[in-house]
Amino acid sequence: MESHARLDLSNNRDFIAGLLFALIGVAAVVIARDYPFGTAMWMGPGYFPTVLGGVLTLFGIHLIVRGLRSAEPVRGAWGWRPLGLITLSIVLFAAAVERLGFVPALVAMLMVSALAGRDFRLKEALVLTVVMSAVAVLIFPYALKLPYALFPGVLWTY
Amino acid sequence: MDVLNHLVVGFSVAFSLENLLYCFLGVLLGTLVGVLPGVGPLVTIAMLFPITFHLPAVPALIMLAGIYYGAQYGGSTTSILVNLPGETASAVTCIDGYQMARQGRAGPALATAALASFFAGCIGTLLIVLFGPPLGEWALKFGAAEYFSLMLMGLVAAAVMAQGDPVKGLAMVVLGLLIGVAGTDVNSGTSRFTFGIPALSDGVGFTVVAVGLFAVAEIVANLESRTAHEVFTGKVRNLMPTLRDLGDSAWPAVRGTAVGAIFGVLPGTGAALSTFATYMIEKKIARDPARFGRGAIEGVAAPEAANNAAAQTAFIPMLTLGIPASATMAIMLSAMTLHGIEPGPHVMTSNPDLFWGMIASMWIGNLLLVVLNLPLVGMWVRLLRVPYRWLFPSIIMFSCIGNYGVNNNPIDIYLVALVGVVGYVLAKLECEPAPLILGYVLGPLMEEYLRRALLISRGDPTVFFTRPISLAFMTGTFFVLFIMIRPALRARMQ
């Protein structure tokens, strides 16, 4: 049982969740050491985060122990491909919106996120990109008058 | 006749042309987005929330509330016409609703759902009017210790009663609290968990967390699963239910309303549990339980009434105590805070326009839903056939632009991506996102109340157990925790 559980650690949902919580909890306690802890009567900025980090670590350890005992696997496959592409599309928008302008950022974001779908069809994705970019430009810079450069240096002027 | 005076104030606010317009717009947009398959109410609100950001407080909250019931209503339309519940709250409606649609009775099913929801909405709104003020008055006696204990009880109950593993729920609450306290500490000015990024000194934005958890993570989860869903392709003819349908669904709707109204107030359980409970009740007392699951109209009327009643009464603890009972209420609470209104018992006296105006507009919103949506059913049916591969890039687009618009800072969009990745991984490990968002919203408040309570008691932690109201909340907290660990204890004894 024990050895079987150890083999599957990478797919053990309680173990991974516990490890994540414990790591975040310990990190929170360590970072919060830089903030004055204070006393119970005069709680410093480090007091509450330290307590929370400690509690989170305890929950994490509990889950790790339980994961080692029961070894429940993660249900279904991980969707690394959609996760990667969707994340990439958001990051591209963030990186491009001020450097290249609103429209190039939208085009990059829409095309890359469309790739994450199960059945990608190039023509459809192109049409979707054109239509949704137009909708976004009409709603945000035009109707809501948000001051976004459509292309570098090109603002909506009217 | 205090209540009548309040209602007059409320309706005079809600009936102003501007507010009516925003209520209408909210209901329409909410339904429009909520009806799209695979887009639940939470995603809808998280995505549309930034649009209301630029409005003044009263219309913004009226519109947001409209989006909320619109989305909820749209979700039940989807669950009747597509064999795919947008969220757990409409999972039960799916059972008999979709069967009715297959038998060519989609029209009566939709009409029954709408009428039952409207009835429940009216009763729910009335309950807020009746119970809101006395509860708020009682809450005026609360000091820092009481608030801290109450929040602790709410968070623990929400984590334990949420679906799935209670320990993971509690861990998610704590993680949410930690994210919530990031940013500049109001008392000392210390920057906490900002990693040297100036934009983080205001903390992680609320829209960032909501959109990352409920839009991005959920889209990835939808893209990963390969199940195809059956969509009702027929035409919806003949909306009117027969007299027999109305007779059959009247009492189930009343019972559903009662069950939903009670569950709505409880933290964490909310709408979803009430629909399951009321469905079981109807099945148990039916003369012929075998009809359930094969298109029984009671199976549509009761859960839809429960769902909507719970959606309304969930506002009671949020508006009067400042404690959100569900993730949606957490979003409403944050919206109020962002507009400079501190939710709690003082809202009723300091912002009566807002408080009573919002309640009056809830009733108007429910009415608009019935008047608007039944004639528009044809349009919703067409929207249902929009393939998901067109929808999700559009949702991502609105999420990105919406978050960029809050501070015009790209860092918020990077954070959305980060929260999305973390949210997806946690969801995959079966950690529910709802407790996290509740913790996130209450984090700064809890720290402040803890600080004040301990300052007043000179650092003595027994203050939470010596004040009677606080003691009651603490007892409630331990009771909930006891229920949680009881199965484990019993297993160990044997």
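Chain letters run A, B, ... following the sequence lines, proteins first and then strands; every chain starts at 1.
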Counting heavy-atom pairs under 4.5 Å to chain A, which of B/Ile396, B/Val181, B/Asp412 comes out on top?
->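 Top option by heavy-atom pairs under 4.5 Å: B/Ile396.
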
Among the options B/Cys431, B/Pro461, B/Pro410, pick out the one with the most heavy-atom pairs lying under 4.5 Å from chain A.
->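 The residue among B/Cys431, B/Pro461, B/Pro410 with the greatest pair count is B/Pro410.
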
What part of [X] gets within 4.5 angstrom of chain B, counting heavy atoms only: side chain, backbone, both, or neither?
{"X": "A/Leu63", "answer": "side chain"}
{"X": "A/Leu83", "answer": "both"}
{"X": "A/Leu106", "answer": "side chain"}
{"X": "A/Leu56", "answer": "both"}
{"X": "A/Met132", "answer": "both"}
{"X": "A/Ala95", "answer": "both"}
{"X": "A/Ile139", "answer": "side chain"}
{"X": "A/Asp34", "answer": "neither"}

Residues two or more places apart in sequence or in another chain: which of them pass salt bridge (charged side-chain N to carboxylate O under 4.0 Å, His left out) with A/Glu124?
->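 For A/Glu124 the salt bridge (charged side-chain N to carboxylate O under 4.0 Å, His left out) partners, ignoring immediate neighbours, are A/Arg121, B/Arg389.
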
Most heavy-atom pairs under 4.5 angstrom with chain B, which of [options]?
{"options": "A/Pro45, A/Ser113, A/Ala40", "result": "A/Pro45"}
{"options": "A/Thr39, A/Val112, A/Thr87", "result": "A/Thr87"}
{"options": "A/Tyr47, A/Phe120, A/Phe21", "result": "A/Phe21"}
{"options": "A/Val74, A/Val91, A/Thr129, A/Val127", "result": "A/Val91"}
{"options": "A/Trp42, A/Trp80, A/Phe102, A/Phe59", "result": "A/Phe59"}

Ring centroid separation for B/Tyr147 and B/Tyr449, is it under 6.0 angstrom?
->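 Distance test on ring centres: under 6.0 Å, yes.
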
At a 4.5 Å cut-off on heavy atoms, which part of [X] comes close to chain A: side chain, backbone, both, or neither?
{"X": "B/Val173", "result": "neither"}
{"X": "B/Ser457", "result": "neither"}
{"X": "B/Glu447", "result": "both"}
{"X": "B/Ile456", "result": "neither"}
{"X": "B/Leu426", "result": "side chain"}

Basic-acidic side-chain contact under 4.0 Å: B/Arg451, B/Asp185 =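 Yes, charged N to carboxylate O under 4.0 Å.
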
Verify the distance criterion only: is there a donor paired with an acceptor across the side chains of B/Glu448 and B/Asn187 at less than 3.5 Å?
->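 Yes, side-chain donor-acceptor contact under 3.5 Å.
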
Residue pairs involving residues 167-187 of chain B (criterion ring-ring contact (aromatic ring centres under 6.0 Å, His included); sequence neighbours excluded) |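 Checked against ring-ring contact (aromatic ring centres under 6.0 Å, His included) - neighbours excluded - no pair reaches residues 167-187 of chain B.
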
